[in-house]
Trainee: 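The structure is given below, and queries will be raised subsequently.
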Amino acid sequence: SGSGRTVVQVAELYRWSGGTKVLVVGHSVTDKGVDAATKRNRSIARANVVAQGLINLGVPREQIGLAVLGASRPRYRDAARDGQNSRVDIFIQGAKRR
């Protein structure tokens with residue numbers, strides 16, 4: 001939630017920079033109470049929502065790659081900030097400033 005403006009900014013940056021590919025990487029919490037399949041499914045869903053937002057903003061579907069890392073690469077390792085591990089990283093590949 002609240003990431004809509006970021007998705008708009010990424011789409012604008014993609015067009016401005018002449019990027020050739022956008023990689024959308026989904027992540028999940030490391031909570032031991034959540035099984036691996038659920039973490040993966042949540043990561044997939046999260047990445048798909050961002051990818052669809054980019055498509056809706058004009059980034060060609062064939063230029064978007066998805067990757068799902070689940071809980072394998074947490075940003076934080078303490079329980080207090082574990083919720084922040086649920087995220088999507090976006091990379092614009094092949095960008096050349098115009």
Trainee: Should V7 and L66 be regarded as members of a common hydrophobic cluster, given that ILVMFWY residues are connected when their side-chain heavy atoms come within less than 4.5 Å of each other, either directly or indirectly?
Mentor: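 V7 clusters together with L66.
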
Trainee: Considering only distance and modelled atom types, tabulate donor-acceptor pairs under 3.5 Å from the side chains of residues 51-61, sequence neighbours left out.
Mentor:
{"from": "Q52", "atom 1": "NE2", "to": "N56", "atom 2": "OD1", "distance (Å)": "2.9"}
{"from": "N56", "atom 1": "ND2", "to": "Q52", "atom 2": "O", "distance (Å)": "3.4"}

Trainee: Is a side-chain donor or acceptor of T20 paired with a backbone partner of Q93 at a separation under 3.5 angstrom?
Mentor: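 Looks like yes, one N/O pair under 3.5 Å.
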
Trainee: Using 0.5 Å steps for rounding, measure from the CG atom of D35 to the CG atom of N41.
Mentor: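 Answer rounded to 0.5 Å: 8.5 Å.
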
Trainee: Check whether any side-chain heavy atom of K39 sits under 4.5 Å from a side-chain heavy atom of R42, and report yes or no.
Mentor: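 No - every pair of side-chain heavy atoms lies 4.5 Å or more apart.
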
Trainee: With the 4.5 Å side-chain cut-off for hydrophobic clustering, are F91 and V50 part of the same group?
Mentor: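 No, because F91 and V50 fall into different hydrophobic clusters, even though each may have its own neighbours under 4.5 Å.
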
Trainee: Can you tell me if R40 has over 12 outside heavy atoms packed within less than 6.0 Å of its CZ?
Mentor: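 No.
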
Trainee: What pair of heavy atoms forms the shortest contact from Q63 to Y14, and how long is it?
Mentor: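 So the minimum-distance heavy-atom pair works out to CG-OH, 3.5 Å.
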
Trainee: Which heavy atom in R46 sits nearest to a heavy atom in R87, and how many Å separate them?
Mentor: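 Looking at all heavy atoms of both residues, the shortest contact is CD-O, 3.5 Å.
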
Trainee: List, by chain and then residue number, the residues other than I44 in its hydrophobic cluster (Ile/Leu/Val/Met/Phe/Trp/Tyr, side-chain heavy atoms under 4.5 Å); write none if there are no others.
Mentor: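 Taking Ile, Leu, Val, Met, Phe, Trp and Tyr as members, I44 shares its hydrophobic cluster with V68.
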
Trainee: Under a 4.5 Å side-chain heavy-atom rule over Ile, Leu, Val, Met, Phe, Trp and Tyr, are W16 and V8 clustered together?
Mentor: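 Yes, it is one cluster - the side chains of W16 and V8 are joined through contacts under 4.5 Å.
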
Trainee: Out of curiosity, I64 CD1 to E62 CD, how far, rounded to the nearest 0.5 Å?
Mentor: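 So the CD1 of I64 and the CD of E62 are separated by 8.5 Å.
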
Trainee: Testing the basics here: between V10 and I92, what is the closest heavy-atom pair and its distance to 0.1 Å?
Mentor: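 Nearest heavy atoms, V10 then I92: O-CD1, 3.9 Å.
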
